[in-house]
Amino acid sequence: MHHPLLYLFFFSFFFFFFFFLPSTSSSSPELIQACKSSRFPYSCSQRLSATLPSLPPSPSASTIILSVFNSSLHDIPTAISITHSILANSPTSSNLTSAAHNCLEVLPYSFRRLSAASNLSSADARYWAAAAQQYLSGCSSTLQAANTSAFIAELANRTSDGLAMLAALQRYGTNMTLWAPVQTERDGYWGTPTSSKSNDWRRRGVPKEMAVNLTVCGEGDGCDHRTVQEAVDDAPENVTGEWFVIRIGEGVYDESVRVPFEKTNLVFWGDGMGRTVITGNLSVGMPGISTYSSATVGKR
Ligand SMILES: *[C@@H]1O[C@H](CO)[C@@H](O)[C@H](O)[C@H]1NC(C)=O
Ligand SMILES: *[C@@H]1O[C@H](CO)[C@@H](O)[C@H](O)[C@H]1NC(C)=O
Ligand SMILES: *[C@@H]1O[C@H](CO)[C@@H](O)[C@H](O)[C@H]1NC(C)=O
Ligand SMILES: *[C@@H]1O[C@H](CO)[C@@H](O)[C@H](O)[C@H]1NC(C)=O
Ligand SMILES: *[C@@H]1O[C@H](CO)[C@@H](O)[C@H](O)[C@H]1NC(C)=O
Ligand SMILES: *[C@@H]1O[C@H](CO)[C@@H](O)[C@H](O)[C@H]1NC(C)=O
Ligand SMILES: *[C@@H]1O[C@H](CO)[C@@H](O)[C@H](O)[C@H]1NC(C)=O
Ligand SMILES: *[C@@H]1O[C@H](CO)[C@@H](O)[C@H](O)[C@H]1NC(C)=O
Ligand SMILES: *[C@@H]1O[C@H](CO)[C@@H](O)[C@H](O)[C@H]1NC(C)=O
């Protein structure tokens, strides 16, 4: 005599098989493959299946990345109007108000950078995408107190998916079966140079343990500087053969950092996405800033 629970078990198995298998397989195999570049492959493929319904059959790596960026670009205006309504509904001069103001300033920057990143043949595409993603995740994290910010959090996550894919494309090529999760400086991976300006990165080598040369923190004691710009001003010129590392503590730095051409081999090392946020209108095309993007925006 079979135990009734056994039937229940078989029934549930059947139920899961029948109802859940088809829904997972609706993510295209290419999308699942591309999401292997993400730290969170499952949520990546779930998120993108939901937001990229118009993906053509058998999309190439570039098509997927461009669709991700395109969908983010389309949603940034919505993010802006959501932020306007957060602003309208929050008390004046609350933390939320200043977070919303900050977002209203950086969301258009994010849009411009993501537009630039959509030229995948540009050597700096990844740096533009990283900057765009940084603005979005900074905005998302400062708006955390507002429950309506889930839209922007999803947008930041989605852009992050696209950025991971772009990094994988540049590292592993168009064959997505070779793609693996992003690695950053924190994993000891310093990337393959993509811009002619930094073509000598690999030859020059990178220290195994990154020594810190200057520290910045917005609050608290024991740091060399309060602003990133002061640290940049303090950094030596014409450094060759080694890095000059500026460690930037957690915080929101509302400044436009200018890195003069002579400040070579500068590395900005932050506390990670949404923790160290520089909100000024950085120009990623400037020397040194691409270093900033790769070091600060690296996903933990
Ligand atoms: C870009 O996104 C919009 C809105 O999501 C969509 O209608 C359009 O087809 C997309 N274009 C491409 C090339 O993916
Ligand atoms: C607003 O931000 C300040 C500074 O970060 C913090 O000390 C304070 O607790 C925040 N207020 C609220 C209501 O979250
Ligand atoms: C894309 O980038 C490449 C390489 O920098 C450049 O030659 C091309 O003009 C750019 N295309 C557009 C549409 O800006
Ligand atoms: C935000 O949403 C969560 C869950 O939906 C709820 O528990 C919380 O009270 C909400 N917070 C605010 C400030 O509305
Ligand atoms: C964004 O990604 C983080 C990390 O995977 C996750 O914890 C969070 O729930 C995501 N948020 C949204 C709105 O998708
Ligand atoms: C992609 O890489 C896999 C694993 O190395 C290989 O088996 C496959 O033939 C490659 N596909 C193409 C189109 O090169
Ligand atoms: C760095 O190099 C530039 C250009 O060669 C030069 O003008 C400048 O004086 C140098 N700076 C230092 C501190 O040597
Ligand atoms: C940065 O600090 C490390 C450790 O103190 C030192 O070896 C290195 O020379 C410094 N870099 C520069 C460019 O001064
Ligand atoms: C960047 O910000 C400065 C002031 O912080 C402003 O003067 C400048 O016009 C801005 N540039 C762009 C491209 O937004």
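Counting starts at 1 for both ligands and their atoms, following the listed order.
Scanning the protein heavy atoms around atom 11 (N) of ligand 8, the nearest turns out to be N213 ND2, 2.9 Å. For atom 13 (C) of ligand 8, the nearest protein heavy atom (residue, atom name, distance) is E242 OE2, 3.3 Å. In terms of protein heavy-atom proximity, atom 14 (O) of ligand 3 is closest to N119 ND2, 3.5 Å. Protein heavy atom in closest approach to atom 12 (C) of ligand 7: N238 ND2, 3.3 Å.
Note that the NZ atom of K36 and the OG atom of S45 stand 9.0 Å from one another [nearest 0.5 Å]. In this structure, CG in D161 is found 9.0 Å from CG in L31, a value given to the nearest 0.5 Å.
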Expected list for residues 61-71: side-chain donor-acceptor pairs under 3.5 angstrom, two or more places apart:
| unit_1 | atom_1 | unit_2 | atom_2 | d |
| --- | --- | --- | --- | --- |
| T63 | OG1 | S60 | OG | 2.9 |
| S67 | OG | T63 | O | 2.7 |
| N70 | OD1 | H74 | NE2 | 3.4 |
| S71 | OG | V68 | O | 2.9 |
| S71 | OG | R158 | NH1 | 2.9 |

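Without hydrogens or angle criteria, Q229 side chain to E255 main chain gives no donor-acceptor distance under 3.5 Å. A donor-acceptor contact shorter than 3.5 Å links the side chain of T83 to the backbone of A79.
By the 6.0 Å and 45° rule, R247 stacks over the aromatic ring of W269.
When each of N102, L87, I86 is paired with T97, the side chain to side chain contact (heavy atoms under 4.5 Å, CB included) condition holds for L87 and for no other.
Close approach of ligand 7 to E237 (heavy-atom distance below 4.0 Å) involves ligand atoms 1 (C), 8 (C), 10 (C), 11 (N), 12 (C), 13 (C). Near A211, meaning under 4.0 Å from one of its heavy atoms, ligand 8 places the atoms 3 (C), 4 (C). For ligand 8 and V239, the ligand atoms under 4.0 Å from any heavy atom of the residue are 13 (C).
Distance screen at 4.0 Å: atom 5 (O) of ligand 8 has no protein heavy-atom neighbour inside the cut-off. Protein heavy atoms are found less than 4.0 angstrom from atom 2 (O) of ligand 3.
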